[in-house]
Amino acid sequence: MTQAYGEAWYWDKRYAEESTATFDWYQKYESLSPLLHLYIPTTTTNHHRRILVVGCGNSAFSESMSKNGYTDIVNIDISSVVIEAMQKKYSGSPHLKYIEMDVRDMKAFENGSFDAVIDKGTLDSLMCGHNSKPNAAKMLDEIERVLKKGGVYILITYGIPSYRLRLLRESHSWSIKLHLIDKYLPGESSKGETWELTRPVPINSDGNLKEGSPLENMDVHYIYVCTKV
Ligand SMILES: C[S@@+](CC[C@H](N)C(=O)[O-])C[C@H]1O[C@@H](n2cnc3c(N)ncnc32)[C@H](O)[C@@H]1O
């Protein structure tokens, strides 16, 4: 990824060029939905889940969530261009809110105000930019702050466990579960092994996959489910 992925101007320019497009990085909602329902149930009565999607871009993920039982989804992005387009597109959707905001500074949200935070590709973008370490640390601090106790931060990334687990654990005390999803869509050619999405992957105490594990050779995206303890 390019260094510009951490910069607002890069995303503004890109979204201005594809103003009416829809694009989902890595995975679509439909493939991840069983995992989301496992960690963010929609079935409990009397308690609606408030969900924050950070760095939403022009993805269809939140729209699909809203059609699938989630009724309170707040989406933020640093790009004013994409936020304006999404506000227009979803002006008639009461379950979807779009706000221009930097994930490193979410002071508009109170402490403990969300049940779940979803991040598909946004920490990855910051990790590619300048000052990646301090930016990632600020982002993770803010996410932890806005989550309720027991709330979950669901990070969907290409980042391998030895790097991402270290980063996540550096100054935070999450309880972390790791899941995997094949990079290929059903019908595309995958490289053999598969792993059931809703089954957490066993990891060593140092955060690595067990040595010689067949999972090492799989072409996957990683999903870190971090519960605020
Ligand atoms: C790789 S894209 C992922 C978009 C979307 N989540 C998806 O899955 O398709 C990263 C997104 O993060 C946004 N972004 C980058 N830095 C950000 C920041 N500091 N605060 C909020 N959003 C940011 C970009 O504008 C872009 O929309």
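All heavy atoms count here, side chains included; hydrogens, waters and symmetry mates do not. Note that ligands are numbered from 1 as they come in the structure, with each ligand's atoms numbered from 1 the same way.
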The criterion is side-chain contact (heavy atoms from CB on, under 4.5 Å); which residues satisfy it with P34, sequence neighbours excluded?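 Only L197, T198 meet the side-chain contact (heavy atoms from CB on, under 4.5 Å) criterion with P34.
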Using non-hydrogen atoms of the residue, decide whether [X] is closer than 4.0 angstrom to ligand 1.
X: F61; answer: no
X: V82; answer: no
X: C56; answer: yes
X: L126; answer: yes
X: M101; answer: yes

Does any donor atom in the side chain of T22 or N58 lie under 3.5 Å from an acceptor atom in the other side chain? no
Selection from W25, Y10, Y15, W11 by shortest heavy-atom distance to atom 15 (C) of ligand 1: W11
Name the option, out of D77, I76, I83, that contains the heavy atom nearest to atom 25 (O) of ligand 1.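 Selected option, by shortest heavy-atom distance: D77.
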Taking Y15's backbone N and O only, do any of them form a donor-acceptor pair with W11's side chain (distance below 3.5 Å, no angle check)? no
Test: salt bridge (charged side-chain N to carboxylate O under 4.0 Å, His left out). Region: residues 74-102. Which pairs qualify, not counting sequence neighbours?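 Qualifying pairs, neighbours excluded: D102-R104.
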Indicate, with yes or no, if the rings of H179 and Y39 have centres closer together than 6.0 Å.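 Yes, close enough.
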